[in-house]
Number of protein chains: 2
Amino acid sequence: MSTPTPKITPLVDPVARPGPVNNPCAACAIRDLSVCGALKPDEISRLNAIVVQKTVNAGATLFIEGDPADAHYIVLDGCIKLYKMLPDGRRQITGFLFRADFLGLAFRQRYAYGAEAVSTATLCRFPRERLEALLDEFPEMERRLLSISSSELASAQDQMLLLGRKTAAEKLASFLWLLSKRAALKETDWRRLDLPMMRSDIGDYLGLTIETVSRTFTQFKKSGLVSFTRPDAVQLDDIDALAELAGVEESWQPSTAM
Amino acid sequence: MSTPTPKITPLVDPVARPGPVNNPCAACAIRDLSVCGALKPDEISRLNAIVVQKTVNAGATLFIEGDPADAHYIVLDGCIKLYKMLPDGRRQITGFLFRADFLGLAFRQRYAYGAEAVSTATLCRFPRERLEALLDEFPEMERRLLSISSSELASAQDQMLLLGRKTAAEKLASFLWLLSKRAALKETDWRRLDLPMMRSDIGDYLGLTIETVSRTFTQFKKSGLVSFTRPDAVQLDDIDALAELAGVEESWQPSTAM
DNA sequence: ACGCAACGTTGATGCAGATCAATGTGTCGC
DNA sequence: GCGACACATTGATCTGCATCAACGTTGCGT
């Protein structure tokens, strides 16, 4: 953890009950989060004992590359971006995290990337050594973490294909398609997407400049693929054309994590 | 497993003893491979029982994207490339594997990428369900796999930075630097690198064309950064300049897996 | 209401790297 | 030795996206 330390709220309500996202209860959130799989009651109560919940403002830095990796997180709400930087300031965003995504799963001494809140976000924080102790107690959790890690690796490989071999239009279509799939998983309307990140974030995620992102959006609008009410809300009007552009074939399934 | 099935040699020598790489003994190789960490004797004997060793020719396909993921592998010798393809044939190589590298760690139903031998290669093959049964027996192995998986994820993120934000010269310098670090780990001469892969493989790994790879090598030669005896053997004459180009800062440590 | 700052869009121009094309260079089979 | 093939290099030209520059839009503090 570096820079501005956000408010840390110890978990006070250990009772697992469904709660709305805007009043998240860490324990029940953990239980409900699909990414965690079905946790057993004793696992939940133990997780509950080690978790703290925190909320960070948009733009807040959670940690930067090279910081000691002292905690893992689950995103409860909001959007987090992960990024790597070159000495001269060029930046590559390696992923956006949303509700139910894991952060800091890399079991290494130091974080290999920085993490920053795109929008105001709420997270569960697990001190590293205590989560690892918990893993000793519940070895089956380890298998699930390995599975999550595998999914992230698959996503990373998809992203390499995108960055190395796709055109600007294909990149942007892939990005929209990915966001759409995630929205569908969360049972929100997959046709109507929020874009909490700004154009420079999208550009740095896709290996493009903000101007190219903007121009490509305009091109999509003119072709009837998408429409905008506000710059941060896009409607996908022709999902098939977008999927085609993205290089998605019928048989393909999207990697679950972004 | 798809296409040309290579010779599969059941392991006949269960005695763990040091052996030369050109006459690999799967069990002792597993024990020696640093990536596995220190395996305990009973783990080795059990691994020994489920492993089969196989040798594939250069250019042979191990599996393609979408094949059922029915096995894991450890590379004992040679070089394997992993790749993803777009419908129109554009290709992105997501990694090269060398001795001691794991292959197929993704615990998913189907392989998310294809794998092909760059040079003649020898591998240990672990049927998926039997390795998973073994993991139940030795939960500590799972932690090590998670650690390996984390390293691969970190490498993938490095590669995203490379593909999205580096110039051709920086990409090629990063590639050489990475190979050099790997050679140093293996205690071979890190100044003198074999390039078993051809230019089109390097190009598809770095998101470049073969022409750009070739021109950049020429530029490096003219600047005194590298020299060639054969096209597949490069000598790094100015490792500092290469590291500088690659964007490697003093404090950085290379991610262990490529 | 105003000014200012942050973000997004649009236009003009430049260039890194792709593409197209030809020419080395090494290796293998005969 | 010699052709044939695969791979690498070099050159000429093209182009997709970056860069440079201006303007539009929104929201916020005073």
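Per chain, numbering begins at 1; letters A, B, ... match sequence-line order. The model shown is predicted, which means the values in this text are computed figures rather than measured ones.
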Expected list for residues 220-230 of chain A: side-chain donor-acceptor pairs under 3.5 angstrom, two or more places apart:
residue	atom	partner	partner atom	Å
Ser223(A)	OG	Gln219(A)	O	2.8
Ser227(A)	OG	Asp237(A)	OD2	2.8
Thr229(A)	OG1	Arg192(A)	NH2	3.3
Arg230(A)	NE	Asp232(A)	OD1	2.9
Arg230(A)	NH2	Asp232(A)	OD1	3.0
Arg230(A)	NH2	Asp232(A)	OD2	3.4

Could you give me the CA-CA distance, side-chain angles and deciding distance for Leu62(B) and Glu116(B), then say whether side-chain contact (heavy atoms from CB on, under 4.5 Å) is met? CA-CA 5 Å; Leu62(B) 285 167; Glu116(B) 198 178 310; over 6 Å; no
Steps toward side-chain contact (heavy atoms from CB on, under 4.5 Å) verdict (Asp101(A), Arg182(A)): CA-CA 11 Å; Asp101(A) 285 332; Arg182(A) 290 190 62 100; 2.6 Å; yes
side-chain contact (heavy atoms from CB on, under 4.5 Å) for Tyr205(A) and Phe175(A)? Distances and angles first, verdict last. CA-CA 9 Å; Tyr205(A) 180 61; Phe175(A) 175 65; 3.6 Å; yes
Spacing between [X] atom [atom1] and [N] atom [atom2], to the nearest angstrom:
X	N	atom1	atom2	value
Asp201(B)	dA8(D)	CG	C1'	13 Å
Asp204(A)	dC17(D)	CG	P	16 Å
Met197(B)	dA8(D)	CE	P	11 Å
Arg165(A)	dC17(D)	CZ	P	13 Å
Asp232(A)	dT25(D)	CG	P	17 Å
Leu172(A)	dG16(D)	CG	P	17 Å
Gln219(B)	dG17(C)	CD	C1'	12 Å
Arg230(A)	dT26(D)	CZ	P	11 Å

Considering all heavy atoms of both residues, which atom of [X] and which atom of [Y] are nearest to each other, and what is their separation?
X	Y	result
Met160(B)	Leu163(A)	O-CD1, 3.6 Å
Pro231(B)	Leu195(B)	O-CD1, 4.0 Å
Leu161(A)	Gln92(B)	CD1-CB, 3.5 Å

Of the nucleotides dC7(C), dG17(C), dC17(D), which has the atom closest to the Leu208(A) side chain? dC17(D)
Among dC17(D), dG8(C), dA8(D), the one nearest any side-chain atom of Pro231(A) is dG8(C)
Could you pull out the protein-nucleic contacts involving nucleotides 22-25 of chain C (nitrogen or oxygen on both sides, under 3.5 Å)?
none

For a quick check of understanding: with a heavy-atom distance under 4.0 Å over all strands, which category does Gly207(B) fall into, base, sugar-phosphate or nothing? sugar-phosphate
How is Gly203(B) classified with respect to the nucleic acid when contacts are heavy atoms under 4.0 Å: base, sugar-phosphate, or nothing? nothing
Leu123(A) vs Gln53(A), side-chain contact (heavy atoms from CB on, under 4.5 Å): CA-CA, chis, key distance, verdict: CA-CA 6 Å; Leu123(A) 305 99; Gln53(A) 188 181 315; over 6 Å; no
Given dA18(D), is OP1 or OP2 found less than 4.0 Å from the side-chain N or O atoms of Thr209(A)? yes
Can you tell me how far apart OH (Tyr111(B)) and CD (Glu65(B)) are? Round to the nearest 0.5 Å.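 Here the rounded value is 13.0 Å.
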Pick the closest DNA chain D nucleotide for Phe228(B) and for Lys166(A) by heavy atoms, then say which residue is nearer the 5' end. Phe228(B)
List in numerical order all residues of residues 211-218 of chain B for which some heavy atom is under 4.0 Å away from an atom belonging to DNA chain C.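 By residue number: Glu211(B), Thr212(B), Arg215(B).
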